[in-house]
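In what follows, residues are counted from 1 in the order of the sequence shown. In what follows, every heavy atom counts, from backbone to side chain, and hydrogens, waters and symmetry copies are set aside.
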Amino acid sequence: MTQLEALRAGVGLCVVHDFIARRFADLVRVLPERRATRAYWLVTHEDTRGLGRIRAVAEHLAEAVTRDRGMFS
């Protein structure tokens, strides 16, 4: 959020996810021909991976990202 707010305040250039940047009409893409792709990983400690609450959060996040996949691309 700090990076985004600095960008919006005019501090300089920044790399921002499309799904975030498109929410702000005051941001202007300066290199439309350039794109970066990213992978997202969910990491859990092997000792807690099997706990119900950890599994529930991991499953929820995976379902949400799968459902809203278009927002991330």
Side-chain angles (χ1 to χ4, degrees):
M1 289 307 298
T2 303
Q3 182 179 349
L4 178 62
E5 290 305 316
L7 175 65
R8 295 187 68 217
V11 171
L13 297 176
C14 173
V15 176
V16 180
H17 290 281
D18 286 340
F19 70 90
I20 294 172
R22 73 177 79 124
R23 296 178 185 176
F24 301 95
D26 58 327
L27 297 181
V28 177
R29 178 177 277 181
V30 295
L31 297 171
E33 69 283 357
R34 302 294 303 248
R35 294 195 55 85
T37 57
R38 295 186 173 141
Y40 296 90
W41 293 80
L42 176 62
V43 178
T44 59
H45 193 279
E46 65 181 316
D47 292 345
T48 60
R49 187 174 299 140
L51 294 176
R53 65 182 185 269
I54 303 298
R55 220 175 35 254
V57 170
E59 289 171 4
H60 171 76
L61 290 172
E63 290 169 9
V65 169
T66 299
R67 180 187 63 237
D68 297 329
R69 178 165 293 193
M71 180 176 75
F72 295 100
S73 58

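- Contact check for Leu7 versus Phe24: no side-chain heavy atoms found under the 4.5 Å cut-off.
- In this structure, the separation between NE2 on His17 and CZ on Arg22 is 11.5 Å, given to the nearest 0.5 Å.
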From CA spacing to verdict: side chain to side chain contact (heavy atoms under 4.5 Å, CB included), Thr48, Arg53
CA-CA 9 Å; Thr48 60; Arg53 65 182 185 269; 5.9 Å; no
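- Here the CD-CZ distance, from Glu46 to Arg49, works out to 6.5 Å after rounding to the nearest 0.5 Å.
- The shortest side-chain heavy-atom distance between Thr44 and Arg55 does not fall under the 4.5 Å cut-off.
- By the 4.5 Å heavy-atom criterion applied to side chains, Leu42 and Val57 are not counted as neighbours.
- Atoms CE and CD, from Met1 and Gln3 in turn, are 11.0 Å apart once rounded to the nearest 0.5 Å.
- The number of heavy-atom neighbours closer than 6.0 Å to CG of Leu13, taken from other residues, nucleotides and ligands shown, is 12 or below.
- Val15 belongs to no hydrophobic cluster, as no Ile, Leu, Val, Met, Phe, Trp or Tyr side chain comes under 4.5 Å of its own.
- You'll find the side chain of His45 stays beyond 4.5 Å of the side chain of Ile54, heavy atoms only.
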